[in-house]
Amino acid sequence: MSQEIKRLIDFSFVITLTEKVFEMEELYLAFNAQMQVLNKQAEFIFVQNISFQEGWKKLREMVKRYNNCRAIRVRDVFKESDCLTMGFENVRGKYVVTVPIYYQVDPIDIGALLKPLEDGDVDLTVAVRIQRKDSWLNQIESRIYNSIIRKMTNISTHDLGSGVIAMKAEVAKSIDIYGELFRFIPILADRKGYNVKEVLMHHLSRRKKTGIYAFGAYIRRFLDILTIFFLMKFTKKPLRFFGLIGASCFFMALVTGVLLTIDKIGGHAIGNRPLLVLCALLAVLGIQLFSIGLIGEIIIFTHAKEMKEYCIEEIIE
């Protein structure tokens with residue numbers, strides 16, 4: 001790609017390949033055609049996990065055939081968040097668009113996702129799929145999942161599973177994602193003070209999903225929800241989280257201890273009662289949790305100056 005074209009890039013599409021798929025060129029041609037209709041210069045960056053060897057040869061051919069295609073091959077077996085981060089670090093466009101390698105939205109609607117960014121109204125837009133093509137069970141799961149996230153974070157999220165997000169390049173490069181946090185990019189952006197908007201886009205599913213996942217998948221989703229809840233609410237105030245739970249445990253231990261004391265005064269033996277063991281465990285657990293919260297507060301206080309979570313929008317002098 002020439003230096004002149006690099007300077008003219010409007011949008012950088014980042015597409016990760018962390019599973020076996022064969023729609024790379026089809027996806028590229030569909031979205032590239034729409035960018036030409038919109039008269040926008042775009043580049044497409046494919047980030048491939050090394051564990052899926054067969055797609056690399058095709059990517060090399062695509063890079064040779066299309067001058068706005070680039071491919072990054074990850075040496076180790078990294079997850080989605082790592083691949084997205086690598087893609088974000090190599091974008092050249094003013095705006096970044098993440099698109100799953102399997103179809104999720106109709107490429108014809110991409111203009112609706114990009115317009116608010118160009119108009120300067122928002123910093124990040126996220127697709128909300130309408131006229132869903134997947135199973136009713138999968139749709140119910142999605143609604144429940146997004147409803148729980150909304151209630152726990154107080155942020156409008158109706159379709160975090162779409163994976164289709166457009167944002168300013170500065171937003172993409174300022175968000176730290178790891179593990180499964182790639183699902184929560186809009187929430188993490190909102191947390192940093194960026195303006196986030198949801199855009200309706202037609203669903204275009206090429207995958208047949210039953211909506212039924214292994215039990216472990218639901219456990220991981222639950223842990224993801226707890227993770228984002230903790231990051232949103234208690235990252236800079238861990239004592240409120242651990243202290244509240246610790247104080248609750250200690251209070252239950254205190255109540256249990258009072259009841260046991262009353263029984264002892266009344267002449268009842270308490271030495272062999274399970275309730276006495278529970279009382280001791282709750283007291284120890286409460287003290288430990290409270291101590292963890294205090295240690296967390298000390299760490300936050302020590303590194304407070306290094307923790308920059310705000311983003312300056314404009315400076316006028």
> Between L27 and P100, which heavy-atom pair has the shortest distance, and what is it?
Replying inline: CD2-O, 3.6 Å
>> Going by the rule salt bridge (Lys or Arg N to Asp or Glu O under 4.0 Å), which residues pair with K115 if we only count those two or more places apart in sequence or in a different chain?
In response: D119
> How about S12 and I9: do any of their side-chain heavy atoms sit closer than 4.5 Å?
Replying inline: yes
> Can you name the nearest heavy-atom pair linking G93 to A169, along with the distance?
Replying inline: O-CB, 3.6 Å
>> Using the rule that Ile, Leu, Val, Met, Phe, Trp and Tyr join whenever any side-chain heavy atoms are under 4.5 Å apart, tell me whether L281 and V255 fall into a single cluster.
In response: no
>> Please report the interatomic distance CG(L289) to CZ(F241), rounded to the nearest 0.5 Å.
In response: 9.0 Å
>> Could you go through Q48 and I72, starting from their C-alpha distance and side-chain angles, then the distance that decides it, and tell me whether this counts as side chain to side chain contact (heavy atoms under 4.5 Å, CB included)?
In response: CA-CA 6 Å; Q48 187 196 21; I72 301 173; over 6 Å; no
> Hey, what do you get for CE (M24) to SG (C69), rounding to the nearest 0.5 Å?
Replying inline: 10.0 Å
> From L259 CG over to L275 CG, what is the distance, rounded to the nearest 0.5 angstrom?
Replying inline: 7.0 Å
> Is it true that a side-chain atom of N195 and a backbone atom of D123 form a donor plus acceptor pair closer than 3.5 Å?
Replying inline: no
> Is it the case that more than 12 heavy atoms not belonging to D176 sit under 6.0 Å from its CG atom?
Replying inline: no
> What's the verdict on side chain to side chain contact (heavy atoms under 4.5 Å, CB included) for L114 and M35, showing C-alpha distance, side-chain angles and the deciding distance?
Replying inline: CA-CA 10 Å; L114 307 181; M35 297 307 292; 3.9 Å; yes
>> Do R273 and L278 make a side-chain contact, defined as non-hydrogen atoms from C-beta onward lying under 4.5 Å apart?
In response: no
>> Tell me which one of T125, L160, D159, I175 satisfies side-chain contact (heavy atoms from CB on, under 4.5 Å) with P186.
In response: L160
> Looking only at atom types and distance, does a side-chain atom of R150 sit under 3.5 Å from a main-chain N or O of T157, one as donor and one as acceptor?
Replying inline: yes
> Taking C-beta and beyond as the side chain, do L124 and I165 meet within less than 4.5 Å on heavy atoms?
Replying inline: yes
>> Main chain of H158, side chain of E198: is a donor-acceptor contact present, judged purely on distance under 3.5 Å?
In response: yes
> Who pairs with E118 by side-chain hydrogen bond (donor to acceptor under 3.5 Å, both in side chains), at least two apart in sequence or on another chain?
Replying inline: K40
>> My understanding is that only residues two or more places apart in sequence, or in another chain, count here; which of them pass side-chain hydrogen bond (donor to acceptor under 3.5 Å, both in side chains) with R240?
In response: none
>> So T256 and L254, do their side chains get closer than 4.5 Å, heavy atoms only?
In response: no
> Within the distance-only criterion (no hydrogens, no angle test), does the side chain of T98 pair as donor or acceptor with the backbone N or O of V164 below 3.5 angstrom?
Replying inline: no
> What's the verdict on salt bridge (charged side-chain N to carboxylate O under 4.0 Å, His left out) for R65 and E25, showing C-alpha distance, side-chain angles and the deciding distance?
Replying inline: CA-CA 11 Å; R65 192 179 306 124; E25 188 166 8; 2.8 Å; yes
>> Would you compute the distance between atom CD1 of I187 and atom CD1 of I228 and round it to the nearest 0.5 angstrom?
In response: 5.0 Å
> Is S162 reaching over with its side chain to a backbone N or O of R129, donor-acceptor style, under 3.5 angstrom?
Replying inline: no
> Between V126 and V199, is any pair of side-chain heavy atoms under 4.5 Å apart?
Replying inline: no
> Rounded to the nearest 0.5 Å, what separation is found between the CG atom of L17 and the CZ atom of R73?
Replying inline: 11.5 Å
> So, do L204 and P107 sit near enough that their side-chain heavy atoms are less than 4.5 Å apart?
Replying inline: yes
> Say you draw a straight line from OG of S81 to CZ of F88; how long is it, rounded to the nearest 0.5 Å?
Replying inline: 9.0 Å
>> Looking at every non-hydrogen atom in both residues, tell me the closest pair between V14 and G87 and how far apart they are.
In response: CG1-CA, 4.0 Å
> In the single-linkage hydrophobic clustering (I, L, V, M, F, W, Y; side-chain heavy atoms under 4.5 Å), do M62 and V97 co-cluster?
Replying inline: yes
>> Show, in sequence, the C-alpha distance, side-chain angles and deciding distance for D224 and F184, and conclude whether the side chain to side chain contact (heavy atoms under 4.5 Å, CB included) test is met.
In response: CA-CA 9 Å; D224 291 341; F184 306 107; 3.9 Å; yes
> Do any N or O atoms from the side chain of E43 and from the backbone of R92 form a donor-acceptor pair under 3.5 angstrom?
Replying inline: yes
>> Do I15 and V63 land in one hydrophobic cluster if side-chain heavy atoms of ILVMFWY residues count as linked below 4.5 Å?
In response: no
> Using a distance-only test with no angle check, is there a side-chain donor-acceptor pair under 3.5 angstrom linking H202 and D109?
Replying inline: yes
> Where do V196 and A189 come nearest, in terms of heavy atoms and distance?
Replying inline: CG2-CB, 4.3 Å
> Side-chain heavy atoms under 4.5 angstrom apart, residues restricted to Ile, Leu, Val, Met, Phe, Trp, Tyr: same cluster for I225 and L181?
Replying inline: yes
>> Applying side chain to side chain contact (heavy atoms under 4.5 Å, CB included) to F46 and I101, what does each step give before you reach the verdict?
In response: CA-CA 9 Å; F46 292 85; I101 190 60; 4.2 Å; yes
>> More than 12 heavy atoms of other residues, nucleotides or ligands under 6.0 Å from CZ of F31: yes or no?
In response: yes
> For L239 and L294, which heavy atoms make the closest approach, and how far apart are they?
Replying inline: CD1-N, 3.7 Å
>> With a 4.5 Å cut-off on side-chain heavy atoms, are V128 and M201 touching?
In response: no
>> Within the 4.5 Å heavy-atom criterion, are V105 and H203 side-chain neighbours or not?
In response: no
> When clusters are formed by joining ILVMFWY residues with side-chain heavy atoms under 4.5 Å apart, either directly or through shared neighbours, do M167 and I45 land in the same one?
Replying inline: yes
>> Taking the ring of Y28 and the ring of Y66, is the distance between their centroids below 6.0 Å?
In response: yes
> Using 30° and 60° as the class limits, which term best fits the ring planes of F13 and F44: parallel, tilted or perpendicular?
Replying inline: parallel
> Shortest non-hydrogen contact from S174 to Y194?
Replying inline: OG-OH, 3.1 Å
